[in-house]
Amino acid sequence: MQLLKLKETVDFMRFRKVAVIFSALLMIAAFASFAVNKLNFGLDFTGGTLIEVGYEKAADLNEIRQVMESAGFEGAVVQHYGSSRDVVIRLAVQDDVKAEMLGNQILTLLQDSSGQTLDMRRIEFVGSSVGDELTEQGGLAMLTALICILVYVAFRFEWRFALGSVIALFHDVILTLGLFSVLGLEFDLTVLAAILAVIGYSLNDTIVVSDRIRENFRKVREGGPMEIINISLTQTLSRTFITSITTLLVLAALFFQGGALIHGFATALLFGVFIGTYSSIYVASSIALALGISKEDLIPEVIEKEGADQDVLMP
Amino acid sequence: MLNHSPLWKKLMVLFIVCVGALYAMPNLYGEDPAVQISGLRGVETTASTLDSVKATLTEQQIDFSSIALEDGQVLVKFSDTEQQLKARDELDSTLGDDYSVALNLTPATPDWLADIGGTPMKFGLDLRGGVSFTMEVNMNEAELKAQEGMIGDFRSDLRKEKIRYRSVKKQDNGVVISFRNIEDIDNAESLLKKRYRDLLFADNEDEMTLSVTMTEQKLKEIREYALQQNITIIRNRVNELGVAEPLVQRQGQKNIIIELPGVQDTAKAKEILNATATIEFRMLDSEGDLNSAINGRVPANSQLLYDRNGRPSLVKKRVMLTGDHIVDAGSSFDEYSRPQVNITLDSPGASKWSNATKENVGKPMVTVFIEYKPTERKDSEGNTIFEKNEEIIQIATIQGRLGKSFRITGIDSQSEAHNLALLLRAGALIAPIQIVEERTVGPSLGAENVELGLQAIVGGFALVFIFMLIYYRAFGIVANMALLANLVLIVGVMSMIPGATLTLPGMAGIVLTVGMAVDANVLIFERIREELRSGKSVQQSIHQGYDAAFSTILDANITTLIAAIILFAVGTGPIKGFAVTLSIGIITSMFTAIIGTRTIVNSVWGGKRLDKLSI
């Protein structure tokens, strides 16, 4: 079976200006959303208390809100989580209360007021200082990863490709974060892990394309850089599609079957794989092209060895 | 001949996959209900404990499938949970307070598999339920305490050498001593410099002061010590909870992570972790009448206390020294190679101690262990009422006036000395701790996470399987075999590595690896198709396809591996869990895709004259 039957080289780079504008607009939209909506940081980053309880029957959120308020827990966010019987309650960090005891207090409170046996599903308490540390650490992790990748790709390929692939990664991360900001989805630690996975995936894709471009620069005699990039993209297109499809298939399985806790993770990855596939075609190679990649940059200097032109005597 | 794999390569692939499968096998056996018995407060579990456990179980006619003494713990396995619960209750009441009896699940791995080191994967708390705390050690307090110690030390040193000073005060990272004249400054400086080599001295003759600061090295030592000390204390307290397989671990510069699998009553856990245990030194009341005290007539200034074996003694109420002053304690042997405990006090403690012991030479002194245990009762504000438990751990005769360092002798065994030292050290917190993070996952949610995660893995796998089969036909089967081998290897490696824990993000990592592992195969197969289209022969195409895809696969995977390793190194919690499965997955998928499929392809299609290829 064959999904794509390409007889001729697709002129991808013809649309590169459109793609640049498209990407730029998306990036601007993402940053605008960061400014307006901000990111809906989850408990891991903001600190506070979260309690998830399972009711025997469908739970009435208004009633729970009232119970919470009358007990003095103001500003509690009460939501369904996954199903109508599961309820999650969030409280911001409170200075005057011994926050680490809060979870059990609320559980007892809800149990008493509802008259049902509640299933305590999880209680999370995160101090306010932990979030700052985490943001710092997460940012540091990402930065270190990017620098190491930059160095490796620059070493193995060429600095233009390295810069191109790292900018493509930035592009993917910012757009994925942008999606979370626009939709107001909660950004927690698992989503951070997903963003890191997007980096991994996008990188994988970009390297495969760059590898082919390098190979073709060495192999294909005629044609300028633009043509060679087009040829390479066409050649790798089928692979890019198939891999995206299989990855999206498993991510779809995760999205629909993985449960509420992993939903944010799956959402980030589904979107990230889309964007990563697009960016490996347009962003990375467009940048390498714009930076003036040429044949000479990729063809290794041939060192004349004595007797190299002679036939090998012993196989 | 093209596309021929040597026999050794075939055998190697077969061998690696078989070893992977062998070590993945324990995961299929599930777990047996068990009860784990460990000693508390320095009590050791020995062969006699084992015997008494056995006797209790036989007496109560509780069936058990195996019983063993391992790593200082008695582990009893049962065939069902009913027997397990019954045994727990019985053992709890017969063994008493000196032992903790915890419910546990132990792998049902067959003996032959366990003998070659086969263990199932360890599940993170998000998959099995339980509570994890992150506690932060207050380092400011630790440094403050060190500063106070310096002030006391300097004062007594200067006084002893008759060097006159005006005052000793705290300042940033150290203290400042002011004097009346330059001569005193010089004398003090040369004296203190000699005694404290890890401090920095700077005199200011205009202001008549000598400022002493701690070096970075010294500060680091103080923090390190505070952290280690608190970890020891928390370990002791966690043991009191009777939890199977607890984990107490440092994280970073000032945090301690505590994981208590299966704990439901988090309130109790928190209370115990925050509870205080300490030591007091008091005098034995030798004049009082012990017998009448037992009958209820205790002298006003004394108290009736018992030791571990229930032997009563009459002890004076006045406290000579509290455990707060103990800076360090260790066990060793005296000149007659009898076990002893060496104790070091801080300066205020040392002067107090010196005065107190001077008056009591030749008299018996009592070491009392004090512990605050939470009770079921609550006060009017809803706070738990703590109960004070006092127990005599040692009675010794004071041999002479004691100073900063002294020793306790007359201890029966080396292990007892060791445990006493541990208790003394564990008695007082060097710096206060505070819970900064708590995550409790109920058992139902844990089970649900496992189920959903497995469903996602199986579902994702099935979809990819079908897709690859349709798309690449015969080669699709090869890719699917590689995928299956890949999963087996991931599970095998995860089970083999002692530190690797499977978490929910880790499961997601496996799912993602499956998606990405296909990539290597796709790269190769697409290359083969390309070569076939360009008119090359079948054998040539296979050969070229693998060859050309090799460097691409290597580059792509190494870059991703770099990212995964960095995530593992700097990340915590879910990020680490994800990074573990991802890095293992990358390595195994490289092996299965490059070497594994090549071997299969070569064995099936290699070295034959073929006109068409099912790809």
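Convention: sequence-line order gives letters A, B, ...; per-chain numbering from 1.
- Note on Asp126(B), Asn255(B), Ile558(B), Leu454(B): by heavy-atom pairs under 4.5 Å with chain A, the leading option is Ile558(B).
- The number of heavy atoms from other shown groups lying within 6.0 Å of CD (Gln116(A)) is above 12.
- Between Leu452(B) and Gln257(A), every side-chain heavy-atom pair lies at or beyond the 4.5 Å cut-off.
- Residue Lys576(B) places its NZ atom among more than 12 non-hydrogen atoms of other residues, nucleotides or ligands, all under 6.0 Å distant.
- Contacts of Phe256(A) with chain B are absent, with no heavy-atom separation under 4.5 Å from either backbone or side chain.
- Counting non-hydrogen atoms of other residues, nucleotides and ligands closer than 6.0 Å to OH of Tyr81(A) gives a total above 12.
- Across Gly459(B) and Ala253(A), no two heavy atoms sit closer than the pair C-CB, 4.0 Å.
- With contacts defined as side-chain heavy-atom distances shorter than 4.5 Å, the pair Thr440(B)/Glu124(A) does not qualify.
- The contact between Leu567(B) and chain A is made entirely by side chain atoms (from C-beta outward), counting heavy-atom distances below 4.5 Å.
- Counting only heavy atoms from C-beta outward, the side chains of Thr243(A) and Val518(B) never approach each other to under 4.5 Å.
- Heavy-atom pairs under 4.5 Å with chain B peak, among Asp86(A), Asp205(A), Ile123(A), Val273(A), at Ile123(A).
- Interface remark: Leu254(A) contributes backbone and side-chain atoms alike to the contact with chain B (heavy atom separation under 4.5 Å).
- Ranked by non-hydrogen atom pairs under 4.5 Å with chain A, the options Ile565(B), Leu463(B), Ile457(B) are led by Leu463(B).
- The candidate from Asp44(A), Ile51(A), Leu251(A) with the greatest count of non-hydrogen atom pairs under 4.5 Å with chain B is Asp44(A).
- Within the 4.5 Å cutoff, no side-chain heavy atoms of Thr240(A) are placed close to those of Glu526(B).
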Is there a side-chain contact (heavy atoms from CB on, under 4.5 Å) between Thr190(A) and Leu504(B)? Walk through the geometry before answering. CA-CA 9 Å; Thr190(A) 53; Leu504(B) 193 59; over 6 Å; no

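- The 12-atom threshold is exceeded at CZ of Arg250(B), counting heavy atoms of other residues, nucleotides or ligands nearer than 6.0 Å.
- Of all the listed residues (Ser132(B), Gly460(B), Ala462(B)), the one sharing the greatest number of non-hydrogen pairs under 4.5 Å with chain A is Gly460(B).
- In this structure, Phe467(B) CZ and Leu248(A) CG are separated by 10.5 Å, a value rounded to the nearest 0.5 Å.
- Other residues, nucleotides and ligands contribute at most 12 non-hydrogen atoms within 6.0 Å of the CZ atom of Phe550(B).
- Looking at heavy atoms from C-beta onward, Phe525(B) lies out of side-chain contact with Ile242(A) at the 4.5 angstrom threshold.
- With respect to chain A, the highest number of heavy-atom pairs below 4.5 Å among Glu448(B), Arg439(B), Met468(B), Glu451(B) belongs to Arg439(B).
- Residue Ile562(B) touches chain A through its side chain alone, counting heavy-atom pairs closer than 4.5 Å.
- Arg121(A) touches chain B through backbone and side chain together, each having a heavy atom under 4.5 Å away.
- Within the 4.5 angstrom heavy-atom criterion, atoms from both the backbone and the side chain of Gln455(B) approach chain A.
- Looking at Leu50(A), there are no atoms closer than 4.5 Å to chain B (heavy atoms on both sides), in backbone or side chain.
- Across every non-hydrogen atom of Ala145(A) and Ile566(B), the tightest pair is CA-CD1, 3.5 Å.
- By the 4.5 Å heavy-atom criterion applied to side chains, Arg212(A) and Thr552(B) are not counted as neighbours.
- Nearest heavy atoms, Leu203(A) versus Thr559(B): CD2-CB, 3.4 Å.
- Using a 4.5 Å heavy-atom cutoff, the side chains of Tyr201(A) and Thr560(B) are not in contact.
- Side-chain contact between Asp519(B) and Asn204(A) is present, with at least one heavy-atom pair separated by less than 4.5 Å.
- Here Arg122(A) contributes atom CZ and Leu445(B) contributes atom CG; the two are 6.5 Å apart, rounded to the nearest 0.5 Å.
- Considering all non-hydrogen atoms of both residues, Ala556(B) and Ile207(A) come closest at N-CG2, 3.5 Å.
- With respect to chain A, the highest number of heavy-atom pairs below 4.5 Å among Ala563(B), Ser551(B), Ala579(B) belongs to Ser551(B).
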Report the C-alpha distance between Val436(B) and Phe125(A) in whole Å, list the side-chain angles of each, state the deciding distance to 0.1 Å, and finish with yes or no for side-chain contact (heavy atoms from CB on, under 4.5 Å). CA-CA 8 Å; Val436(B) 288; Phe125(A) 156 73; 5.5 Å; no

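- Atom-to-atom distance recorded for Glu530(B):CD and Ser238(A):OG is 8.0 Å, nearest 0.5 angstrom.
- Look at Arg527(B) and Glu215(A) and you find a salt bridge, because one of the NZ, NE, NH1 or NH2 atoms lies within 4.0 Å of a carboxylate O, short of that distance.
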